[in-house]
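What follows is a single structure, written as structure tokens, with notes after it.
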Amino acid sequence: MKIQGEHYHTIWVDADDPRIIQVIDQRKLPFVFETFAMRSADDAFFAVKEMVVRGAPLIGVTAAYGMYLALRQLQNESWEEDLIGVADYLKSSRPTAVNLAFAVDEMLAFMLANKDDAELIAKVLAKAGELKQQEIEFGDKIGEYGLELIEEIYEKKGSTVNILTHCNAGWLACIDWGTATAPIYKAHLKGIPVHVWVDETRPRNQGARLTAYELGEQGVPHTVIPDNAGGHLMQHDMVDMVIVGSDRTTVTGDVANKIGTYLKALAAHDNNVPFYVALPSSTFDWDMNDGVKDIPIEQRAGDEVAEIEGWHDEQIKTVRLIPEKSSVANYGFDVTPARLVSGLISERGICKADKQSILKLYPEKINR
Ligand code: MRU
């Protein structure tokens with residue numbers, strides 16, 4: 001997608017040195033556009049843990065390149081053993097997004113299956129590139145299927161389609177197109193009038209900082225709102241549909257996403273507003289049935305709640321929000337039960353959030 005008119009992906013191999021993987025440093029957006037160079041698995045771990053990169057699909061692809069960088073450094077006798085250790089290390093960087101384990105396991109299996117290949121390093125780089133390209137195509141297809149839903153509403157309404165989204169499930173969270181934003185970009189490019197209500201998404205404000213930024217760069221009309229405003233807007237028919245992303249969706253349709261998503265689903269249900277979840281197949285947990293009980297929910301540092309970052313005097317500054325003596329809790333994600341989800345938008349089409357419908361789209365996962 002475009003930034004200041006130039007086309008970017010969120011991650012790429014350095015043009016001058018294939019030993020370096022570049023990413024956009026999302027900790028500084030929208031105030032400063034900077035890249036972050038990864039040269040080792042440690043750099044990839046840091047980039048995921050400290051949220052230089054974030055968003056389930058991008059977390060996965062970053063870890064895939066982390067495995068490639070590790071292989072370049074592990075040119076010793078016991079590299080296979082060490083690599084299994086690196087895989088576990090990278091998977092421990094953040095617990096909720098299942099794309100992390102998906103991508104690391106794909107890379108490890110490929111590496112061990114080709115361990116005697118003289119061109120292993122080049123082939124492993126290509127494999128990471130394939131996972132990156134796959135996420136781009138997934139976003140593109142999710143966009144096409146989701147566009148149909150927006151067109152249906154537009155045909156009925158005949159005026160601007162108002163879409164609410166939570167957190168950032170845009171191209172900045174993926175490689176290109178995004179998931180929740182992909183149908184919005186497709187509609188905008190097709191000339192269908194859309195307007196996006198952007199939840200600020202406390203405590204790290206991925207909506208206010210990243211979603212607003214990327215929609216603005218593509219010229220998509222949007223309004224940033226406090227997280228608690230969505231229910232009121234729905235009660236007053238100012239929201240035609242909700243589209244959010246996912247970090248892990250069970251094979252039964254329970255959806256983990258940024259904290260606050262569940263509350264939007266409840267408000268949507270109470271006001272008969274369609275609530276859609278856009279996700280690539282790399283975000284399904286095919287072995288998990290009960291999301292509310294079993295999906296690991298990340299808890300991050302309390303400072304993210306106790307303080308807030310902003311732009312002041314030409315620099316990013318952090319200020320304290322709460323009294324020194326107050327304790328804080330910082331749950332990063334919650335789970336929306338399948339019963340509150342109107343439909344799942346994946347690269348293979350739109351389906352109901354239940355096991356039978358999901359496996360109908362992915363029959364190869366039935367007896368896995
Ligand atoms: O903590 P983050 O910023 O990684 O959380 C991101 C989200 O919750 C996204 O909605 C999700 O990863 C989907 S990204 C396509």
Any donor-acceptor pair under 3.5 Å from Ser357 side chain to Ala353 backbone: no
Any side-chain heavy-atom pair from Asp25 and Thr35 closer than 4.5 angstrom? no
Tell me, yes or no, whether the heavy-atom count around Gln315 atom CD, taken from other residues, nucleotides or ligands under 6.0 Å, exceeds 12. yes
So, does Asn330 use its side chain to make a donor-acceptor pair with the main chain of Ala301 at under 3.5 Å? yes
Would the distance check show the side chain of His166 and the main-chain N or O of Gly245 forming a donor-acceptor pair, the cut-off being under 3.5 Å? no
Side chains of Thr250 and Asp294 in contact at under 4.5 Å (non-hydrogen atoms): no
Report the distance from atom CD1 of Ile59 to atom SG of Cys174, rounding to the nearest 0.5 Å. 10.5 Å
How far apart are the closest heavy atoms of Glu214 and Leu172, and which atoms are they? OE2-N, 3.2 Å
Pairwise distance CE(Met288) to NZ(Lys293) - rounded to 0.5 angstrom: 9.0 Å
Quick one: are His195 and Thr223 in side-chain contact, heavy atoms under 4.5 Å? yes
Just so I know, are the side chains of Leu120 and Trp79 near enough to count as touching, which here means a heavy-atom distance under 4.5 Å? yes
Check for a donor-acceptor pair, side chain of Gln206 on one end and backbone N or O of Thr211 on the other, with a separation under 3.5 Å. no
Shortest non-hydrogen contact from His9 to Ile24? O-CD1, 3.7 Å
Are Met234 and Leu340 co-members of a hydrophobic cluster defined by side-chain heavy atoms under 4.5 Å apart? no
Kindly indicate whether a cation-pi arrangement holds for Lys2 with Trp171, taking the cut-offs as under 6.0 Å to the six-membered ring centre and within 45° of the axis. no
Roughly how far, to the nearest 0.5 Å, is CD1 of Ile121 from NZ of Lys123? 13.0 Å
Spell out, as yes or no, whether a donor-acceptor pair under 3.5 Å connects the side chain of Thr283 to the backbone of Val98. no
Looking at Asp43, is its backbone amide N or carbonyl O close enough to the side chain of Ser40 to form a donor-acceptor pair, meaning the two atoms are under 3.5 Å apart? yes
Side-chain donor/acceptor of His188 to backbone N/O of Gln218, under 3.5 Å: yes
Looking only at heavy atoms, which two atoms of Pro57 and Glu135 are closest? And how far apart? CB-OE1, 3.6 Å
When Leu279, Leu149, Leu147 are each screened for side chain to side chain contact (heavy atoms under 4.5 Å, CB included) with Ile345, the one that passes is Leu149
Tyr185 vs Trp177 aromatic rings, parallel, tilted or perpendicular, using cut-offs 30° and 60°? tilted
Would Asn289 and Val251 count as a side-chain contact (heavy atoms from CB on, under 4.5 Å) here? Give the steps. CA-CA 6 Å; Asn289 285 282; Val251 70; 3.7 Å; yes
Is there a donor in the side chain of Tyr68 and an acceptor in the side chain of Arg72, or the other way round, less than 3.5 Å apart? yes
For Tyr8 and Trp12, take the angle between the two ring planes, folded into 0 to 90°, and tell me which bin it lands in: parallel under 30, tilted 30 to 60, perpendicular over 60. tilted
Main chain of Met1, side chain of His7: is a donor-acceptor contact present, judged purely on distance under 3.5 Å? yes
Which pair of heavy atoms, one from Tyr145 and one from Glu347, lies closest together, and at what distance? CE1-O, 3.4 Å
Side-chain touch Met107/Val104, heavy atoms, less than 4.5 angstrom: no
Looking at Tyr65 and Ile11, what are the two nearest heavy atoms and their distance? CD1-CD1, 3.6 Å
State whether Glu309 and Arg27 are salt-bridged, where the test is any N-O pair (Lys NZ or Arg NE/NH1/NH2 against Asp/Glu carboxylate O) under 4.0 Å. no
Non-hydrogen side-chain atoms of Asp247 and Ile295 separated by less than 4.5 Å: no
Applying side-chain contact (heavy atoms from CB on, under 4.5 Å) to Leu344 and Val255, what does each step give before you reach the verdict? CA-CA 10 Å; Leu344 302 172; Val255 173; 4.2 Å; yes
Taking only Lys NZ, Arg NE, NH1 and NH2, and the carboxylate oxygens of Asp or Glu, determine whether Lys352 and Asp354 approach each other closer than 4.0 Å. no
Sub-3.5 Å donor-acceptor pair from the side chain of Asp14 to the main-chain atoms of Ile20, do we have one? no
With side chains defined as the heavy atoms from C-beta onward, is the minimum distance between Trp197 and Met238 less than 4.5 Å? yes
Distance col, row Ile358:CD1 vs Ile366:CD1, nearest 0.5 angstrom, shows 12.0 Å
Within the 3.5 Å criterion, strictly below it, is a donor on Gln235 or Asn271 matched to an acceptor on the partner's side chain? no
Aromatic centroids of Trp286 and Tyr362 separated by under 6.0 Å: yes
Flag yes if Val32 and Val53 sit in one hydrophobic cluster, no otherwise; membership is Ile, Leu, Val, Met, Phe, Trp, Tyr, and two members link when side-chain heavy atoms are under 4.5 Å apart. no
So, taking the atom named CZ in Arg209 and the one named CG in Leu29, what distance separates them when rounded to the nearest 0.5 Å? 8.0 Å
Please check if Tyr89 and Met67 belong to a single hydrophobic cluster, counting links between Ile, Leu, Val, Met, Phe, Trp and Tyr side chain heavy atoms closer than 4.5 Å. yes
Contacts of type side-chain contact (heavy atoms from CB on, under 4.5 Å), residue Pro323, not counting sequence neighbours: Ser326
Check Arg204 with Glu298, please: is the shortest side-chain N to carboxylate O separation under 4.0 Å? no
d(Phe45 CZ, Lys49 NZ) to nearest 0.5 Å is 5.5 Å
Test item: side-chain donor near acceptor, Tyr154 and Asp240, under 3.5 Å: no
Indicate the atoms forming the closest heavy-atom contact of Leu100 with Ser93, along with that distance. CD2-OG, 3.4 Å
Could you go step by step and tell me if Leu90 and Val86 meet the side-chain contact (heavy atoms from CB on, under 4.5 Å) rule? CA-CA 6 Å; Leu90 286 170; Val86 172; 4.0 Å; yes
Taking atom NE2 of His269 as the centre, report whether more than 12 heavy atoms of other residues, nucleotides or ligands fall under 6.0 Å from it. no
If we ignore angles and hydrogens, is there a donor and acceptor under 3.5 Å between the side chains of Arg54 and Asn168? yes
Hydrophobic clusters here meaning ILVMFWY residues chained together by side-chain heavy-atom distances under 4.5 Å, can you tell me if Leu125 and Leu131 are in one? yes
Tell me whether the rings of His236 and His232 are parallel (<30°), tilted (30 to 60°) or perpendicular (>60°). tilted
Is the NZ or CZ atom of Lys28 positioned over Phe33's six-membered ring, under 6.0 angstrom from the centre and within 45° of the axis? no
With a 4.5 Å cut-off on side-chain heavy-atom distances among I, L, V, M, F, W and Y, is there a chain of contacts connecting Val319 to Phe31? no
Does the pair Phe275 and Thr336 meet the rule for a side-chain contact (heavy atoms from CB on, under 4.5 Å), with working shown? CA-CA 11 Å; Phe275 181 91; Thr336 298; 4.2 Å; yes
Under 4.0 Å between a Lys/Arg side-chain N and an Asp/Glu carboxylate O for Arg202 and Glu200? no
Can you tell me if Gln299 uses its side chain to pair, donor with acceptor, with the backbone of Ala329 under 3.5 Å? no
Got a salt bridge between Asp285 and Arg248, using NZ or NE/NH1/NH2 to carboxylate O under 4.0 Å? yes
Listed partners of Glu148 passing side-chain hydrogen bond (donor to acceptor under 3.5 Å, both in side chains), at least two apart: none
Scan side-chain atoms only and decide if Ser282 and Asn99 contain a donor-acceptor pair under the 3.5 Å cut-off. yes
